[in-house]
There are 2 protein chains.
Amino acid sequence: MALNVHHVGIAVADLDGSIERYTELFGATVEHRETVEEQGVEAASLRVGSSRIELLHALGPETPVGKFLAKRGPGLHHVAYEVADLAAELERLLASGVQLIDETPRRGMFGLQVAFVHPDATGGVLAEFVSDDSH
Amino acid sequence: MALNVHHVGIAVADLDGSIERYTELFGATVEHRETVEEQGVEAASLRVGSSRIELLHALGPETPVGKFLAKRGPGLHHVAYEVADLAAELERLLASGVQLIDETPRRGMFGLQVAFVHPDATGGVLAEFVSDDSH
């Protein structure tokens, strides 16, 4: 049971240019920006009102986002749903036979606890569950 | 200047199955469901807390969503941003040289006024501006 959409993740070719574009088009403001070497990504979390857009820039072609960009080009990457209790939610989904990429919570960007659901479980969309203790 | 993300649009192969899946996975509830013959689409607007997911089912292979499905398969289709004054926003964007698909508001689904921005303007993501007078 998700509380809301936490963010929409977008793979971009040019992080600075995309931040500028989202600011100009949608009045977005940068909330966080972080490079996570072990995930091969530089990410910026933008706020648009109460909503959140996460821009993802690959640190190299062999990273997950790099492979996505090579295959699909820049574009929509995933939808993240906020839940109150991530571990309990994953247990519930596993018990229902839902195909998970992460069966237990792991540390994501920006201090979030995260777990990814396999796109086959949603009909083609990579979904992320997020527990956000920052608010 | 957008107020927030109004919805995330997702192209699906099976509308009933997807509604069931989003209900099971995310606790989504159906807000509206509508067939719009002239747009070649059957759509369901789902609420997940305060957020909104729009599931799009093509009425045929030659429709816009049908062509998207043939090219990319089921998956994330667009992000819609809510604005207070759609006509004024489009004027502002045109004056900035932003590439628009719709230069004036048109009637969308669920009684919304909408206009699409070309994916080239955002770096690869189809974006929609929405004016929602229902709240």
Side-chain angles (χ1 to χ4, degrees), chain A residues 1-15 17-28 46-53 55 69 71-84 89 92-93 96-100 117 119-127 129, chain B residues 1-15 17-28 46-53 55 69 71-84 89 92-93 96-100 117 119-127 129:
Chain A
M1 184 70 152
L3 303 171
N4 51 51
V5 172
H6 185 269
H7 65 263
V8 179
I10 297 174
V12 302
D14 168 7
L15 188 56
S18 296
I19 290 172
E20 197 175 312
R21 210 64 174 136
Y22 275 77
T23 303
E24 178 193 358
L25 286 174
F26 309 120
L46 310 184
R47 296 303 293 253
V48 178
S50 59
S51 308
R52 204 179 268 110
I53 301 286
L55 300 179
L69 286 166
K71 190 175 170 192
R72 313 276 308 233
L76 289 164
H77 184 267
H78 68 271
V79 179
Y81 298 85
E82 183 171 5
V83 294
E89 193 63 25
R92 183 184 75 83
L93 295 170
S96 308
V98 173
Q99 199 178 347
L100 301 177
V117 179
D120 285 352
T122 64
V125 176
L126 179 63
F129 281 103
Chain B
M1 186 68 150
L3 303 171
N4 50 51
V5 172
H6 184 271
H7 65 262
V8 179
I10 297 174
V12 302
D14 169 6
L15 188 56
S18 296
I19 290 172
E20 198 176 312
R21 211 61 174 141
Y22 275 77
T23 303
E24 177 192 359
L25 285 174
F26 309 120
L46 309 185
R47 296 304 293 255
V48 178
S50 59
S51 308
R52 205 180 266 109
I53 301 286
L55 301 179
L69 286 167
K71 191 175 170 193
R72 313 275 310 233
L76 289 163
H77 184 267
H78 68 271
V79 179
Y81 297 86
E82 184 172 5
V83 294
E89 193 63 25
R92 182 185 76 82
L93 295 170
S96 307
V98 173
Q99 198 177 346
L100 300 177
V117 179
D120 285 353
T122 64
V125 176
L126 179 62
F129 281 104

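Below, chain A is the first sequence line, B the second, and so on; all start at residue 1.
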For A:Gly123 against B:Pro74, the heavy-atom pair lying closest together: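 What the structure gives for the nearest pair is O-CB, 3.3 Å.
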Closest contact, heavy atoms only, A:Val125 versus B:Gly75: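 That would be CG2-CA, 3.9 Å.
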Which bit of [X] is near chain A, if near means a heavy-atom gap under 4.5 Å: side chain, backbone, both or neither?
X       : value
B:Ala28 : neither
B:Ile53 : side chain
B:Ile10 : side chain

Donor-acceptor under 3.5 Å (B:Ser51 side chain, A:Val5 main chain):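 At least one qualifying donor-acceptor pair exists.
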Aromatic plane relationship, A:Phe26 with B:Tyr81 - under 30° parallel, 30 to 60° tilted, over 60° perpendicular: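 Parallel: the ring planes of B:Tyr81 and A:Phe26 meet at under 30°.
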Spacing of CZ belonging to B:Arg52 relative to CG belonging to A:Asn4, to within rounding of 0.5 Å: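 These two atoms lie 13.0 Å from each other.
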Straight-line distance of A:Arg72 CZ to B:Leu76 CG, nearest 0.5 Å: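 That separation rounds to 9.0 Å.
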Top contributor to chain A interface from B:Leu126, B:Val98, B:Thr23 [non-hydrogen pairs under 4.5 Å]: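 Top option by heavy-atom pairs under 4.5 Å: B:Val98.
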Option that, when pairs with chain A are counted at under 4.5 Å, heavy atom only, ranks first among B:Ala11, B:Ala2, B:Ser50: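 Highest number of heavy-atom pairs under 4.5 Å: B:Ala2.
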side-chain hydrogen bond (donor to acceptor under 3.5 Å, both in side chains) partners of A:Glu24, counting only residues at least two apart: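 Result, side-chain hydrogen bond (donor to acceptor under 3.5 Å, both in side chains) vs A:Glu24: A:Arg21.
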Qualifying residues under side-chain hydrogen bond (donor to acceptor under 3.5 Å, both in side chains), relative to A:Arg47, sequence neighbours excluded: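 By the side-chain hydrogen bond (donor to acceptor under 3.5 Å, both in side chains) rule, A:Arg47 matches A:Glu31.
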Largest heavy-atom contact set with chain B, pairs under 4.5 Å, which of A:Ser96, A:Ala121, A:Ala127, A:Gly27: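 Between A:Ser96, A:Ala121, A:Ala127, A:Gly27, the count favours A:Ala121.
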